[in-house]
Each structure stands twice: as C-alpha cells, then as structure tokens.
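Below, all heavy atoms of this structure are taken into account, side chains as well, without hydrogens, waters or symmetry copies. Here the structure is a predicted model, which means the values were calculated and not measured.
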Amino acid sequence: MVLMMREASSGWPCRAGGSFCLCIQVDNHGIETSLMDDLINASREFFHLPLEEKQKCSNLIDGKHFQVQGYGNDPVASKDQTLDWLDRLHLRVEPEDERNLVHWPEHPNSFRALLHEYTLNCKRIKDCILQAMAKALGLNEDYIVTQFSNKAPTFARFNYYPPCPRPDLVFGVKPHSDSGVLTILLIDKDVGGLQVLRDGVWHNVPTSPHRLLINIGDYMEIMSNGIFKSPVHRAVTNAGKERISLAMFHGLDLEKEIEPAAALLHEKQPARYRKMKAKEYLAGFYEHFCRGTRFIDSVKI
Ligand SMILES: O=C(O)CCC(=O)C(=O)O
Ligand SMILES: [Fe+2]
C-alpha cells in the first residue's frame, strides 16, 4: 500500500522544541470511495430515524445510567457541564468477538456489514502508519504495533451535528485531544467544522471527499515521550446544514501500562510522563473531558 501523507495545511505538522503536533491527511489509502460513502449514508439514515427507533441502541441503561457504547450524548457529570451539540453512535468494533450487537443499528440493514468492512481497512492503515511513526522515532518498526494485544479496543464513533440555531453559543465537540494511540477520522465531505489549534490559533480543516485525517492520541504522545504531540481540536456548529463525521479510535488493552518507550530515554532525556494503566488513563480522560480540561497535562512529570 502506498500512502500519501501531506501536511494538513501549510506549516503542519507544527514543530515546537523538537516535538511535532501530528495531524496528517492521507490520500491513496486504498479504501473504496463507495464503501466510505455507503457507510456515511447508512449512518445518516440511522440518525434520521425517529427517536424511538434510535433509542433501541441507547447508551443509557433503563433510560438513566450511562454506558460508553450506544446511541446518545456524552455522560453528564455535573449540572454546570457544558454539553456539546451532537448526537453520537459509539460502538466497540474490535476485538471482533467482543462486539455487542445490541448497540449496532439493524436499520438500515447494510450498516453492520459496511462498518465491519471499514474496520478491517482502518486496521490495515493504522498498522502502516504506526510502522512509519516508529521508524521516524528511531524505534524498531514494529514497536508500536506490538503494543496492541488481541484485547486492544477500537471504537467507531459516528458524530451527527444537526444544524444549530446559535452556533455562537455551543460547540459540536468542545476542544480536546483524543485519548488513544491514533484516530482515523473521516470528516463530512461537504460541510466543514473541524478546527485544529496551533500556536493558540484555531485553523479550519478543509473538507476533501474521501481523504482521511489521522490524529495521534495521548497514548502516542506518552509513548513517544512528547516527541509527537496529540493535537487539540474541536468541531464548530453551523445554522444551515447537518454534518457527519466518523472517528475510529485505536486504543490499548485496559490492563496495558502506557509509558514512554525505553529506547527513547537517556540521562539527558528522562521520561516526561508518568506510567499508568490504560484503564486509569481513560477514567481520568473522561473526567477531564466533561470539564473541558486535558488529563494529559496532569500526567506530565
Ligand atoms: O467531527 C469532527 O470533525 C471531529 C470529531 C472528533 O474530534 C472526535 O470524535 O473525537
Ligand atoms: Fe477528537
């Protein structure tokens, strides 16, 4: 497979003191454009269904208790939490034998097969990019790929942003970085909204049909000991048009310890991040996300 990696806009990836804020656009990724279109259209059909139908895949148990998978909104941790203007469908797609199909829409009936096919393609692309990144860090080519056990979770999150009457008051998704190793993001091919923060300024990510956007996540920032930085990004809303994006989050086994790669450390370059299990990281990540802060800032040494 040949990957064309391009800087996401002039000046990216941004370089600051020997570190790279990595947000990469990928063309020629080998995924059939019809698969991408069919999957996004199937998810659009799902989001357009009546609420009672969508709630068959709800992320609330008994209408009350939040669980990570399913259709709905973010958990509400406190009364003063700022909520985002989106509906989402969040599904664990890997490990394949741990899929919980209760949350997977049955309508439209093409949805499940399309998501399965897209997941396989993303896995291939993820491995290819992670090998290139390991080499760029001077590590063994397979160092990062082998951090993923057969229990490593991948989540697909379909984000649906309805038109918003007051885009000046609310984000589609508030500023954050992604938690995992790497996110493969398919943004709406017509409607913009994604912005990335660089040197304190928000930059619009241009739409481009079938191009994938790769964001490295906080785990990768830690493993690279801060040489790669996870980009802070957000989605803004607009009053006129709905928007859909699909994020594939590639995470690590919850019991896995996340720490800077030993081969990158030496006396003059000690570890800059505390070691912790993925499950502890995720707990801290969600707590901070709800408050609009970043957990990674509190694991820096
Ligand atoms: O909708 C977008 O473009 C961004 C979504 C996003 O950042 C996420 O799902 O983590
Ligand atoms: Fe994100």
Side-chain angles (χ1 to χ4, degrees), residues 8-9 21 23 25 36 39-49 51 54 57-60 66 68-78 80-91 105 155-180 183-198 200-218 230-249 285-295:
S9 79
C21 184
C23 184
Q25 294 187 344
M36 296 170 132
L39 180 56
I40 292 299
N41 288 337
S43 73
R44 194 184 302 278
E45 237 181 273
F46 170 77
F47 285 117
H48 286 175
L49 289 172
L51 187 60
K54 289 183 285 196
C57 304
S58 174
N59 63 1
L60 295 178
F66 178 84
V68 174
Q69 287 197 76
Y71 163 77
N73 304 106
D74 285 334
V76 181
S78 77
D80 48 5
Q81 179 178 333
T82 312
L83 295 176
D84 294 334
W85 187 265
L86 90 162
D87 265 11
R88 62 178 198 190
L89 176 65
H90 199 197
L91 304 171
F155 279 87
R157 189 162 81 197
F158 296 86
N159 299 305
Y160 175 76
Y161 309 93
C164 174
R166 291 294 305 269
D168 52 321
L169 291 182
V170 68
F171 290 119
V173 173
K174 60 175 97 52
H176 67 284
S177 54
D178 297 340
S179 62
T183 305
I184 300 182
L185 187 60
L186 177 58
I187 56 175
D188 195 294
K189 59 183 187 179
D190 301 313
V191 185
L194 177 63
Q195 299 182 329
V196 179
L197 186 65
R198 182 183 148 216
V201 179
W202 288 100
H203 296 264
N204 290 322
V205 176
T207 57
S208 177
H210 311 121
R211 177 177 285 171
L212 293 173
L213 200 78
I214 314 292
N215 279 339
I216 71 145
D218 293 350
S230 54
V232 175
H233 54 285
R234 68 184 187 188
V236 294
T237 52
N238 77 82
K241 290 183 176 160
E242 67 179 20
R243 176 171 180 270
I244 290 188
S245 66
L246 167 56
M248 298 290 279
F249 300 107
F285 179 88
Y286 282 121
E287 208 185 302
H288 278 256
F289 178 79
C290 289
R291 293 206 298 261
T293 54
R294 292 184 77 204
F295 185 51

Might you point out which heavy atoms bring [X] and [Y] nearest each other, and give the distance in Å?
| X | Y | value |
| --- | --- | --- |
| Cys164 | Val170 | SG-CG1, 3.5 Å |
| Pro167 | Ala239 | CG-N, 3.8 Å |
| Leu86 | Pro162 | CA-CD, 4.4 Å |
| Ala235 | Tyr161 | CB-OH, 3.7 Å |
| Phe66 | Asn73 | CE1-O, 3.4 Å |
| Gly217 | Ser230 | C-CB, 3.6 Å |

CA sep, side-chain torsions, deciding dist, call: Leu212, Leu185, side chain to side chain contact (heavy atoms under 4.5 Å, CB included)
CA-CA 6 Å; Leu212 293 173; Leu185 187 60; over 6 Å; no

Would you give the length of the straight line joining atom [atom1] of [X] to atom [atom2] of [Y], rounded to the nearest 0.5 angstrom?
| X | Y | atom1 | atom2 | answer |
| --- | --- | --- | --- | --- |
| Ser208 | Lys189 | OG | NZ | 11.0 Å |
| Asn159 | Ile244 | CG | CD1 | 9.5 Å |
| Ile40 | His210 | CD1 | NE2 | 9.5 Å |

Can you sort out the partners of [X] under ring pair (Phe, Tyr, Trp, His ring centres under 6.0 Å), two or more places apart, ordered by chain and number?
| X | result |
| --- | --- |
| His233 | His176 |
| Phe46 | Tyr71 |
| Phe155 | His90 |

Thr293: partners by side chain to side chain contact (heavy atoms under 4.5 Å, CB included), with sequence neighbours left out:
His288, Arg291

List in chain and number order the residues that pass side chain to side chain contact (heavy atoms under 4.5 Å, CB included) with Pro175, two or more places apart in sequence or in another chain; answer none if no residue qualifies.
Phe171, Trp202, Val232, Arg234

Are [X] and [Y] linked by a side-chain donor-acceptor pair shorter than 3.5 Å?
| X | Y | result |
| --- | --- | --- |
| Arg166 | Thr237 | no |
| Asn215 | Thr183 | no |
| Ser179 | Asp218 | no |
| Glu242 | Tyr160 | yes |

Go through the steps for Asp188 and Ser245 under the test side chain to side chain donor-acceptor pair (under 3.5 Å), then give the verdict.
CA-CA 5 Å; Asp188 195 294; Ser245 66; over 6 Å; no

Could you walk me through whether Val236 and Gln195 satisfy the side chain to side chain contact (heavy atoms under 4.5 Å, CB included) test, starting with their C-alpha distance in whole Å, then the side-chain angles of each, then the deciding distance to 0.1 Å, before giving a yes or no?
CA-CA 8 Å; Val236 294; Gln195 299 182 329; 3.5 Å; yes

Partners of Asp190 by side-chain hydrogen bond (donor to acceptor under 3.5 Å, both in side chains), sequence neighbours excluded?
none

Judged by atom type as modelled, is there a donor-acceptor pair below 3.5 Å linking the side chain of Lys241 to the main-chain atoms of Pro163?
no

So, Asn204 side chain and Pro206 main chain: donor-acceptor pair closer than 3.5 Å or not?
no

Apply side chain to side chain contact (heavy atoms under 4.5 Å, CB included) to the pair Val191 and Thr207, showing each step before the final yes or no.
CA-CA 7 Å; Val191 185; Thr207 57; 5.8 Å; no

Is NZ or CZ of Lys174 both nearer than 6.0 Å to the six-membered ring centre of Phe289 and within 45° of the ring axis?
yes

Is there a side chain to side chain contact (heavy atoms under 4.5 Å, CB included) between Ile187 and Arg211 once you walk through the steps?
CA-CA 8 Å; Ile187 56 175; Arg211 177 177 285 171; over 6 Å; no

